[in-house]
Structure formats: structure tokens, C-alpha cells
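All values reported here derive from a predicted model rather than from experimental measurement.
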Amino acid sequence: MHFIFILHTQLKNHFAKMLIENSTTVTLNSTVPAPGGRGGCPPVGIQLEGVILPPVITIDVILGLLGNTVALWIFCFRLKAWNPNNMFLFNLVIADFLALVSLPLRIDALLKGHWVFGDVLCRLNLFLMFSNRTASIALMTVVAVYRYFKVVHPHHRFNRITRRQAVYVSMFVWVLVISPRIPMLAYSHIKGSGTNTQCFFFTSYKEASQAIIILVGMHRILTVFEFFIPMAMLLFCSIRISRFLKGRQMGNPKKIRKAMRVCIAIVTVFMVCFLPTTLTTIGLWVNRSYYPWDCKSFYILTQLTIVSLGLNFLNSALDPIVYIFSSAMFRKALCSALPRVLRCGKDAKADESSTSTSGTQSTSQHELKSMTADRGSEDLE
């Protein structure tokens, strides 16, 4: 009996040892908890996102570069005057360019199936990708809040900020955007080696150090809060502008539509580009906190989170629409830069009338009158 007891104990210990060793190779479909109740999911490689993301991001880059190049040209060479609203929009263009120049590296990695650009570019690539999301959200929120004060509180001192003060506001926004993302540059996000090398911020639990787990947790918190807080502010601004104009304009639908379209454009970009990533991030958060052994759910949510990044970058392609709706100066400068047959109806008529009256009015007087009209329409639209 004593011999049988010793044999039974040895077999039990051997089986437990094998179970622990095999926990590192558990399949992604496994829902059996790893020893000690901690997650032991294997690294997540490029599978679903390797098929979906390359064409999506390629379209984002092509459309984004085209639209933002035109926007940058308009801001730098065609605008006759700058106001705080245009200053905020110009910073949004810069944020989009920083993200767009980093995306070709990500496309290459997705097509090849692995990362070949080293640790430094991996850190910089991830930093620019996630900073663009935060910067776009922050700057679009500033634009909407600025419009809210212009329409609802026209005598507020915020409406009297100068271009220099608008630069300070933009710099403050950039500090808020960059500061929480700087820790991403301090750690390596390279996983694997050789043809298995990956550069991902979303990682499985077992392969990650404690510092990376904390960093990813901070990122998830930021992703959630930087979406819902600005969204609440945007909805507040939109509702207040709508109610204010209905009371002041006797419900004139044309006036309300002009003032509301910037808020509608920004809210639409928010919902389309940032809501999917926010929802999948919350799902990962719940999975990590309450079901760390559920590797199947972890795998699916991680894949969906990475795929939803394609919609994040779509904001760089959609932001030029925000510029058109947000700035009458930008809209008029864009229309005036087009060939006459392609110009907007009102701008084409204005161009014809300015040509017919050129004999009685100097160019400088016409430009001054045009700039004054732009400023007036900027306040109402």
C-alpha cells in the first residue's frame, strides 16, 4: 500500500507538471483557466487584420493625403485672414499628417506578416497612431465649443481671443494630447523575432511585462474617457445651439441648418471613426478584469480592436469635410481656387458680380468687404 501511495503521488506530481508546462501552448479556443487563475493566452499574431486592414488603411492614406494636402495648401496660401477657428482647424491638419506619414509602415508590416523596421520606429509608429486619435478628438471638441460660444454666448470673452491666444490654446491641447502617450516611447513593443516579429500595443497577458500591462491599462482608460467626455460636450453644444437658434430665429430651418452642420459633421466623424474602437476596448477591459482565462474572447476582441483602428484612421480622410462645414473662410477659399465651371453656385455668382463691378471698386476694397462678410458668416454657420 505504501508503494502504491508513493506511485500515485509521483504520477500526480508528474501530471501537474505537464499541465503547467502545456499551459504556455494553450490554443486560442481554450476557455480553461491557467494555473493560479491568471491568463496564459499565447501571443496574438496577424490574421484577420492582415486581410482587412491593408486595403482599408491604404484607402485612408490615399484619401487622407489628398484631402489634407489640399487643406494645407488652402490654409497656407489661399486664406486671406486667420481667425481662432481656422487656427484650431490648421492644427487638426497637422495631427492628421503626423498619423498619415506613419501608416505606410503599418501597411508594409501587415502585407509582409511581420515588422521589419526595428524597435525605435515601432515605438514612434504606435505613438503617432494613438496620438492622432487623441489630437483629433481634442481639436474637434475645441472647434465645436468655440462655435457654441460664438452662437449661444456671443458676448463671452472667449469669443474675443486673438490669434496669439488661439496658438496658446492649441499648444495647451497638444501638451494634453502628448503627455499621456509619452510612456509608450519608453518601452519596447516588439514581440517575437525574425519572421515572427510583431509591433503591437495590444498584447496577450503571459508575454507582457508588468509595466506593459499597466501601460495598456492606462491606454484603455484614456481611450474610453477621451471618447465619452468629448461626446457629451459635443451633444451638449449641439442641443444648446439648436434650441438657441430656434428661439432667436423663429424656427427658421435654413439658419438652424447652417449653424448645426458643423456639429453634425463632427458628431458623425466621432461615431463612425471612434465608437467601434471604444466599444472593443471596453470589451477587452472587461475580459482582462473578469475573464482572464477566456482566451477565445480575448483573441476575438483583440482582433476586432486592431481592425477597428482602420476606422480610427478614416478620420484623417473625413476631417476635410469638417473643415468645409466649420469655416466659411475655408469654404470660400476652396471654391475660389476651383475652375470657374466647378465653383459653388454662390461663389460663382459672387465672382461674376465682382468682375462686373471691378470698374467702380478697387481690388483692396473688394477683398476687405469679402473678409468682413466671411467673418460674419463664420459666426453664424
Side-chain angles (χ1 to χ4, degrees), residues 68 71-72 75-76 79 81-102 123-124 126-186 215 218-238 240-241 262-263 265-267 269-270 273-274 278 312 315-316 319-320 322-323 325-327 329-330 375 378-379:
N68 285 280
L72 189 63
F75 279 119
C76 293
L79 279 186
W82 283 72
N83 60 18
N85 184 65
N86 290 332
M87 187 66 66
F88 301 143
L89 293 175
F90 177 75
N91 278 270
L92 187 56
V93 176
I94 300 302
D96 287 338
F97 264 108
L98 291 177
L100 290 170
V101 297
S102 69
R123 301 186 194 195
L124 187 60
L126 293 172
F127 174 79
L128 291 176
M129 286 167 54
F130 292 115
S131 294
N132 165 257
R133 171 193 161 93
T134 308
S136 295
I137 290 175
L139 290 166
M140 283 192 290
T141 304
V142 170
V143 170
V145 171
Y146 181 77
R147 180 55 49 86
Y148 163 77
F149 277 101
K150 276 286 185 183
V151 175
V152 181
H153 303 288
H155 302 295
H156 195 278
R157 62 181 182 179
F158 183 66
N159 295 321
R160 297 191 296 271
I161 63 173
T162 63
R163 283 180 295 178
R164 181 185 294 272
Q165 291 171 329
V167 171
Y168 293 152
V169 172
S170 301
M171 291 173 62
F172 177 71
V173 170
W174 278 109
V175 171
L176 288 181
V177 167
I178 293 176
S179 297
R181 304 298 182 186
I182 288 179
M184 295 182 66
L185 299 172
L215 197 60
M218 291 175 57
H219 165 76
R220 290 172 183 165
I221 293 173
L222 284 172
T223 300
V224 173
F225 281 95
E226 74 184 13
F227 174 82
F228 285 109
I229 294 177
M231 177 57 71
M233 295 174 66
L234 286 173
L235 292 176
F236 170 80
C237 292
S238 301
R240 289 286 290 122
I241 290 174
V262 57
C263 293
I266 293 177
V267 170
V269 171
F270 257 64
C273 298
F274 303 126
T278 304
N312 267 202
N315 84 90
S316 297
D319 280 345
V322 175
Y323 311 150
F325 285 138
S326 301
S327 174
M329 290 185 186
F330 180 89
R375 291 193 184 98
E378 195 80 40
D379 293 344

Working to the nearest 0.5 angstrom, can you tell me the gap between Arg181 CZ and Leu215 CG?
9.0 Å
Can Tyr323 and Asn68 be said to form a side-chain contact (heavy atoms from CB on, under 4.5 Å), step by step?
CA-CA 10 Å; Tyr323 311 150; Asn68 285 280; 3.2 Å; yes
Carefully, step by step, assess Thr134 and Leu222 under the rule side-chain contact (heavy atoms from CB on, under 4.5 Å).
CA-CA 9 Å; Thr134 308; Leu222 284 172; over 6 Å; no
Could you tell me whether the side chain of Asn132 and the main chain of Leu98 form a donor-acceptor pair under 3.5 Å?
no
Is a side-chain N or O of Arg160 found less than 3.5 angstrom from the main chain of His155, in a donor-acceptor match?
yes
For the side chain of Ser102 and the backbone of Ala99, is there at least one donor-acceptor N/O pair under 3.5 Å apart?
yes
Minimum heavy-atom distance Leu92-Met140, with the two atoms named:
CD2-CG, 3.8 Å
Quick check for you: to the nearest 0.5 Å, what is the distance between Leu126 atom CG and Leu185 atom CG?
9.5 Å
Check whether Asn83 reaches the backbone of Asn86 with its side chain - one donor and one acceptor, N or O, closer than 3.5 Å.
yes
Any non-hydrogen side-chain atom of Val269 less than 4.5 Å from a side-chain atom of Asp319?
yes
Is Arg133 reaching over with its side chain to a backbone N or O of Thr223, donor-acceptor style, under 3.5 angstrom?
yes
Donor-acceptor pair, side chain of Asn91 and main chain of Phe88, under 3.5 angstrom:
no
When rounded to the nearest 0.5 angstrom, what is the spacing between CG in Leu139 and CZ in Phe90?
12.0 Å
Where do Ser136 and Phe274 come nearest, in terms of heavy atoms and distance?
CB-CZ, 4.2 Å
How about Val93 and Leu89: do any of their side-chain heavy atoms sit closer than 4.5 Å?
no
Could you pull out the closest heavy-atom pair between Met231 and Phe270, with the gap in Å?
CE-CB, 3.4 Å
Atom of Met184, atom of Phe130 and distance for their closest heavy-atom approach
CE-CD1, 3.4 Å
Which heavy atom in Ile266 sits nearest to a heavy atom in Val322, and how many Å separate them?
CG1-CG1, 3.9 Å
If you compare all heavy atoms of Ser131 against all heavy atoms of Val177, which two are closest, and at what distance to 0.1 Å?
O-CG1, 3.6 Å
Taking His153 as the fixed residue, which of Phe158, Tyr146, Tyr148 is the one that meets the ring pair (Phe, Tyr, Trp, His ring centres under 6.0 Å) rule?
Tyr148
Just how far is it from atom CE of Met233 to atom OG1 of Thr141, taken to the nearest 0.5 Å?
6.0 Å
Calculate, to the nearest 0.5 Å, the distance between atoms CG and CG belonging to Asn315 and Asp96 respectively.
5.5 Å
Please lay out, stage by stage, how Val169 and Met87 fare under the test side-chain contact (heavy atoms from CB on, under 4.5 Å).
CA-CA 10 Å; Val169 172; Met87 187 66 66; over 6 Å; no
